[in-house]
Structure formats: structure tokens, C-alpha cells
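In this text the structure is predicted, and so the values were computed from the model without any measurement.
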Amino acid sequence: MSGLEIERKFLVKKGADYKSVARSCSHIRQGYIPAEGATVRVRTRDDKAFLTIKSKSKDGGLSRYEFEKEITLEEAAELLKLCRGGVVDKRRYLVEAGKHTFEVDEFFGENEGLVMAEVELSAENETFEKPGFIGKEVTGDRRFYNSHLLKYPFSIWKDSLPEEYR
């Protein structure tokens, strides 16, 4: 898969029930290989693995070019060894809302307590239905990029957020 990725990110309200309405759940581990001018991610998702390259965003984090290729679990294991700063560990729930699917990520380890939701759009101005668990929008806020959470985990700065999000 490759093309323009347009997504919006939101915090999920503490105690919100997104799990009971999720159509699926998967375990994700991902790391980042150092690269100039792009994000290079290695990800395992249950029994599959992917190599993804994303360009830098030119519009405040709303859209960017993305290239993704499925790789073997063995290739992913070797590439994860090249990743800097460790691995992001999370569980992802897919929740339908209107015509869209929200990906709700519940983080573990040093990012325990952080729950975010993303929705992919086909156009920057596309409207979408927000489920009740959606809170503050954080699109473009670097603190919430997975690659940034490796360097500056949520446990360090969570107190800077309102109580309803930690």
C-alpha cells in the first residue's frame, strides 16, 4: 500500500467503553529505524509484520505520504534489532462509527495509561461521526506520535493533561 495518508488523532476519555463495541482487537509491537527526512517503522501485528515509510507532514500532521509493505515475522524480528529506543507496545481495538473505523490504541509499559484513537479520512475536510469516547483532538501534537513516545514516554509528562485523559 502506498499513497497519501490523512488521519486525525484524539485522546480517549478515561473510563470510556470502547472495548465492548470493538469489532476486533490485536497486539502491536513497533519500533523505528533512524532515517533522515522520513519515519521508518517496523511493526508486528499478531501474526503479521510490516515495514512502513512515512514522509514528514507539511500540514500540521494531518496528511503525509505513506508506503507500506508486508514482510515476514523473521524479517521483522531482525529489523526490530535495528530500531532505536526500544519498542512501542500496545493493543489496538477497531471501532466502527458511521462510515469510518476508529483505531483505538491502549498503550503499555512506560506509556501505560495513554489511550488514543485515530480515524483515516479520504480528504482533509471529510466529515465523520465521533463516538462518545472521543475527547480532545491531538492531530499534529508531536507528543502523541508513537516515535516520540519512545523518547518521551507518557509516564514522564502525563500530569500535563487533564485528569480525564490519564
Side-chain angles (χ1 to χ4, degrees), residues 1-32 38-41 43-46 50 52-68 85-166:
M1 175 194 94
S2 62
L4 187 64
E5 174 190 55
I6 302 169
E7 68 181 12
R8 292 180 61 184
K9 290 185 176 204
F10 302 87
L11 293 176
V12 172
K13 297 172 188 170
K14 183 178 179 180
D17 182 22
Y18 52 88
K19 294 179 184 179
S20 70
V21 294
R23 72 169 153 89
S24 70
C25 175
S26 57
H27 180 234
I28 294 175
R29 294 185 71 240
Q30 65 190 43
Y32 297 86
T39 300
V40 179
R41 178 182 72 204
R43 171 186 280 174
T44 61
R45 184 173 185 162
D46 295 332
F50 303 89
T52 306
I53 302 169
K54 296 183 179 189
S55 71
K56 290 194 180 289
S57 174
K58 294 179 177 29
D59 57 6
L62 184 60
S63 63
R64 58 188 173 165
Y65 176 79
E66 178 182 275
F67 169 85
E68 185 169 77
V87 213
V88 170
D89 189 19
K90 59 188 179 181
R91 193 157 303 282
R92 173 166 288 169
Y93 298 86
L94 299 181
V95 178
E96 303 296 328
K99 298 183 288 184
H100 295 88
T101 300
F102 280 78
E103 297 176 339
V104 181
D105 289 344
E106 176 182 51
F107 291 82
F108 303 110
E110 290 188 280
N111 293 303
E112 182 92 29
L114 178 61
V115 183
M116 288 190 304
E118 296 179 356
V119 62
E120 289 204 14
L121 306 171
S122 56
E124 292 179 7
N125 61 351
E126 182 179 355
T127 59
F128 57 93
E129 182 180 319
K130 287 184 192 175
F133 58 80
I134 294 295
K136 174 184 165 98
E137 183 165 4
V138 293
T139 301
D141 186 334
R142 296 187 58 75
R143 294 178 299 171
F144 299 99
Y145 292 2
N146 285 278
S147 56
H148 193 265
L149 290 169
L150 285 171
K151 294 178 194 171
Y152 304 101
F154 185 61
S155 58
I156 293 172
W157 53 270
K158 68 181 179 181
D159 290 338
S160 68
L161 292 180
E163 178 66 31
E164 68 183 314
Y165 299 118
R166 47 186 160 108

- [ ] Answer yes or no: is there a donor N or O on one side and an acceptor on the other, between the side chain of Ser155 and the main chain of Glu110, under 3.5 Å?
- [x]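 Checking the backbone N and O of Glu110 against the side chain of Ser155, a donor-acceptor pair under 3.5 Å is found.
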- [ ] List for me each residue that meets side chain to side chain contact (heavy atoms under 4.5 Å, CB included) alongside Glu164, sequence neighbours excluded, and say none if there are none.
- [x]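 Here the qualifying residues are Lys13, Pro162.
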Task: Contacts of type side chain to side chain contact (heavy atoms under 4.5 Å, CB included), residue Glu124, not counting sequence neighbours - done: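 Side chain to side chain contact (heavy atoms under 4.5 Å, CB included) check on Glu124 returns Ile6, Asp59, Leu62, Ser63.
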Return the [atom1] to [atom2] distance between [X] and [Y], rounded to the nearest 0.5 Å.
{"X": "Leu114", "Y": "Phe108", "atom1": "CG", "atom2": "CZ", "value": "11.5 Å"}
{"X": "Phe10", "Y": "Glu137", "atom1": "CZ", "atom2": "CD", "value": "4.0 Å"}
{"X": "Arg142", "Y": "Leu149", "atom1": "CZ", "atom2": "CG", "value": "11.0 Å"}
{"X": "Arg92", "Y": "Asp46", "atom1": "CZ", "atom2": "CG", "value": "11.0 Å"}
{"X": "Gln30", "Y": "Leu150", "atom1": "CD", "atom2": "CG", "value": "8.0 Å"}

Do [X] and [Y] have side-chain N/O donor and acceptor atoms under 3.5 Å apart?
{"X": "Asn146", "Y": "Lys90", "value": "yes"}
{"X": "Thr52", "Y": "Arg41", "value": "yes"}
{"X": "Glu120", "Y": "His100", "value": "no"}

Open item on the list: Please check if the number of heavy atoms outside Tyr152 that lie under 6.0 Å from its OH is greater than 12.
Closed with: no
Task: Audit row: Lys9, Glu118, salt bridge (Lys or Arg N to Asp or Glu O under 4.0 Å) steps and yes/no - done: CA-CA 4 Å; Lys9 290 185 176 204; Glu118 296 179 356; 3.4 Å; yes
TODO: For Glu103 and Leu94, run side-chain contact (heavy atoms from CB on, under 4.5 Å): C-alpha distance rounded to whole Å, both residues' side-chain angles, the deciding distance at 0.1 Å, then the answer.
DONE: CA-CA 5 Å; Glu103 297 176 339; Leu94 299 181; 3.6 Å; yes
To check you understand the geometry: which heavy-atom pair defines the closest contact between [X] and [Y], and what is its length?
{"X": "Gly135", "Y": "Tyr165", "result": "CA-OH, 3.5 Å"}
{"X": "Glu7", "Y": "Thr139", "result": "O-CG2, 3.9 Å"}
{"X": "Leu4", "Y": "Tyr65", "result": "CD1-N, 4.1 Å"}
{"X": "Phe102", "Y": "Val119", "result": "CE2-CB, 3.7 Å"}
{"X": "Gly113", "Y": "Phe154", "result": "C-CE2, 3.6 Å"}
{"X": "Arg143", "Y": "Ser160", "result": "NH1-OG, 3.4 Å"}

Task: Intermediate values then yes/no, salt bridge (Lys or Arg N to Asp or Glu O under 4.0 Å), Lys54 and Glu5 - done: CA-CA 9 Å; Lys54 296 183 179 189; Glu5 174 190 55; 3.3 Å; yes
- [ ] Output every pair passing salt bridge (charged side-chain N to carboxylate O under 4.0 Å, His left out) with a member in residues 150-162, not counting sequence neighbours, ordered by first then second residue.
- [x]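 Residue pairs with at least one partner in residues 150-162: Asp159-Arg166.
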Task: CA sep, side-chain torsions, deciding dist, call: Phe133, Val115, side-chain contact (heavy atoms from CB on, under 4.5 Å) - done: CA-CA 10 Å; Phe133 58 80; Val115 183; over 6 Å; no
- [ ] Compare all side-chain heavy atoms of Arg43 with those of Arg29 and state whether any distance is below 4.5 angstrom.
- [x] no
TODO: State, with a plain yes or no, whether a side-chain heavy atom of Arg91 is found less than 4.5 Å away from one of Asp105.
DONE: no
- [ ] Mind checking salt bridge (charged side-chain N to carboxylate O under 4.0 Å, His left out) for Lys130 and listing every partner two or more places apart, or none if nothing turns up?
- [x] none
- [ ] Determine, step by step, whether Val40 and Tyr32 satisfy the side-chain contact (heavy atoms from CB on, under 4.5 Å) criterion, reporting the C-alpha distance in whole Å, the side-chain angles of both residues, the deciding distance to 0.1 Å, and the verdict.
- [x] CA-CA 6 Å; Val40 179; Tyr32 297 86; over 6 Å; no
Open item on the list: My understanding is that only residues two or more places apart in sequence, or in another chain, count here; which of them pass ring pair (Phe, Tyr, Trp, His ring centres under 6.0 Å) with Phe144?
Closed with: Trp157
For residues 21-28, tabulate all N or O donor-acceptor pairs below 3.5 Å that involve a side-chain atom, not counting sequence neighbours.
{"unit_1": "Arg23", "atom_1": "NE", "unit_2": "Glu96", "atom_2": "OE2", "d": "2.2"}
{"unit_1": "Arg23", "atom_1": "NH2", "unit_2": "Glu96", "atom_2": "OE2", "d": "3.2"}
{"unit_1": "Ser26", "atom_1": "OG", "unit_2": "Arg45", "atom_2": "NE", "d": "3.0"}
{"unit_1": "His27", "atom_1": "NE2", "unit_2": "Asp89", "atom_2": "OD1", "d": "2.5"}

TODO: Check the pair Val104, Val12 against side-chain contact (heavy atoms from CB on, under 4.5 Å), reporting the backbone distance first and the verdict last.
DONE: CA-CA 8 Å; Val104 181; Val12 172; 4.1 Å; yes
